Engineer: 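What follows is a structure written as structure tokens; I'll ask about it next.
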Amino acid sequence: MAAPDLDRRSKEEMRLLDLGGHVGFDSLPDQLVSKSVSQGFSFNILCVGETGIGKSTLMNTLFNTIFETEESGHYEACVRLRPRTYDLQESNVHLKLTIVDAVGFGDQINKDERPIVDYIDTQFENYLQEELKIQRSLFDYHDTRIHVCLYFITPTGHSLKSLDLVTMKKLDSKVNIIPIIAKADTISKSELHKFKNKIMNELDKNGVQIYQFPTDDEAVAEINAVMNAHLPFAVVGSTDEIKVGNKLVRARQYPWGIVQVENESHCDFVKLREMLIRVNMEDLREQTHNRHYELYRRHKLEEMGFQDTAAESKPISLQETYETRRKEFLCELQKKEEEMRQMFVNKVKETELELKEKEKELHERFETLKRTHQEEKRKVEEKRRQLEEEKIAFNRRKAAVEAMQAQALQVTSQQPLRRDKDKKKTSGWSSIYSVTIS
Ligand code: GTP
Ligand code: MG
């Protein structure tokens, strides 16, 4: 509400003055035109439609040239975006035209529209990065943001596929979508009329926002309003030239007749070319910058924590936002640092405890081993002592026997006559001796 008030006040403060003569600032529009012309223009078209639907043929027909192209197979692993840039010149106007094909779209089982969304976002991101640079070069920056998405609908005459609805819904806040019915020569006139209505109803029911040709500029309001009612355009593409009457026209020839591309009673090709290239090309570029890119930029900057106003709707400067974010970041960093330090201390404590536990275990094992060793030593000692005693006893008995033997020998030598009797005695001693030995 504040902005209109401000507008009114500044208007009241402004004074209208008459000029005394020609000053020259009425040449401003000319200066602008000449600057733009010398700078050249860029225009980027995204073609989304199933493989073989006629995308390349339509591009060739629209720009009346043959762009280098190759057929896509039906066996692509996933949807892939293929941009190709061309330098075109008409009169003294240079156009850097980029045509981006969504290769493999409609062939995939997972029906993923994400690569298309990602591609569009990447172009926005590149532009935003350039804008945020300290040393910007937006003047000669090659703007690759998609200005229009030509969405090719298969001419089934039935209804839109859910893939079409889902994809268009995902794209409508990021790009200007112009839906077109491809290969419109394969559908009858009455069927086409019903098909167009059905498509528009379905888009409306599912809340899909397609590009509306602007009606706020008086010069084109009428034609644009009429053309809005013709959407989606039913187009036929061909670069073949066929003689019709005295003229060579671009057409498709069939056994039953000729479909002329530029004949408005045959298809809407002329309407599409008129709206896309001749009337609304600049509006498409503007809408891309002011609406779609602006939305992306706003989300992105908000995500980064920037805002225009504080809680009490006080304006907040970039510097303030930066300072706040920096403080938040430092706090976060400090918190993380503290957490990590605590984690480290805990880990050290845990390891210390583990080591102590291990040391205790080792000590206990050492004590047990020591005790076992002492016990065994004691046993061995005991055994040795027993053996020692046995040895002494044996030696004693041995000495006694030897003494007795010596005594016996002495007796024998002194009494030879009593040999027989002594013999008996000796054998008695020797038996005692042998018993003691054993
Ligand atoms: P990919 O890039 O391989 O996905 O194919 P595409 O969508 O670029 O299709 P392309 O322009 O190569 O055309 C495929 C076939 O459809 C060709 O045989 C064209 O002649 C034919 N074709 C193109 N436009 C039309 C059309 O408006 N009507 C009919 N009936 N056939 C068309
Ligand atoms: Mg192609």
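We count ligands from 1, going down the list as the structure has it; atoms in each ligand are counted the same way. Keep in mind the model is a prediction, meaning the values are calculated, not measured.
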Engineer: Does Asn64 reach the side chain of Arg250, with side-chain heavy atoms less than 4.5 Å apart?
Structural biologist: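 With C-beta onward as the side chain, the pair touches.
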Engineer: Is a salt bridge present between Glu294 and Arg291, judged by a nitrogen-to-oxygen distance below 4.0 Å?
Structural biologist: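 Salt bridge flag = no for Arg291 with Glu294.
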Engineer: Test of understanding: given a 4.0 Å heavy-atom threshold, classify the contact between Val236 and ligand 1 as side chain, backbone, both, or neither.
Structural biologist: both
Engineer: Are any of the N/O atoms on Asp101, whether in the backbone or the side chain, positioned under 3.5 angstrom from an N/O atom of ligand 1?
Structural biologist: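 Among all N and O atoms of Asp101, none is under 3.5 Å from an N or O of ligand 1.
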Engineer: Between ligand 1 and Ser56, is the shortest N or O to N or O distance under 3.5 Å?
Structural biologist: yes
Engineer: Any nitrogen or oxygen of Ile53, side chain or backbone, less than 3.5 Å from one on ligand 1?
Structural biologist: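 Yes, at least one N or O pair falls under 3.5 Å.
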Engineer: Is any side-chain N of the basic residue among Asp121 and Lys174 closer than 4.0 Å to the acidic one's carboxylate O?
Structural biologist: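 A salt bridge links Asp121 with Lys174.
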Engineer: Not counting sequence neighbours, which residues clear side chain to side chain contact (heavy atoms under 4.5 Å, CB included) with Leu248? List them please.
Structural biologist: Glu241, Lys243
Engineer: Quick check: does Thr186 get an N/O under 3.5 Å from an N/O on ligand 1?
Structural biologist: no
Engineer: Select the closest option to atom 9 (O) of ligand 1 among Gly237, Ala184, Gly54, Pro155, judged by heavy-atom distance.
Structural biologist: Gly54
Engineer: Specify whether an N/O/S atom of Thr57 falls short of 2.8 Å from the Mg ion (ligand 2).
Structural biologist: no
Engineer: Show which atoms of ligand 1 fall inside a sub-4.0 Å distance from at least one heavy-atom site of Lys55.
Structural biologist: 4 (O), 6 (P), 7 (O), 8 (O), 9 (O), 11 (O)
Engineer: Can you find an N or O of Gly52 that's nearer than 3.5 Å to an N or O of ligand 1?
Structural biologist: yes
Engineer: By number and element, which atoms of ligand 1 are closer than 4.0 Å to a non-hydrogen atom of Thr51?
Structural biologist: 3 (O), 4 (O)
Engineer: Tell me whether Glu361 is salt-bridged to Lys358, with the criterion being a basic N under 4.0 Å from an acidic carboxylate O.
Structural biologist: no
Engineer: Just do the side-chain hydrogen bond (donor to acceptor under 3.5 Å, both in side chains) check on Tyr141 and Asn126 with the steps written out, would you?
Structural biologist: CA-CA 10 Å; Tyr141 175 78; Asn126 292 346; 5.0 Å; no
Engineer: Do Glu191 and Lys196 sit within salt-bridge range, that is, some charged N less than 4.0 Å from a carboxylate O?
Structural biologist: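 The answer is no: the pair does not qualify as a salt bridge.
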Engineer: Taking only residues at least two apart or on different chains, which pairs with a member in residues 377-396 satisfy salt bridge (charged side-chain N to carboxylate O under 4.0 Å, His left out)?
Structural biologist: Glu375-Arg378, Glu381-Arg384, Glu382-Arg385, Arg385-Glu389
Engineer: Which atoms of ligand 1 are found less than 4.0 Å from any heavy atom of Tyr254?
Structural biologist: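 Those qualifying, in numeric order: 29 (C), 30 (N).
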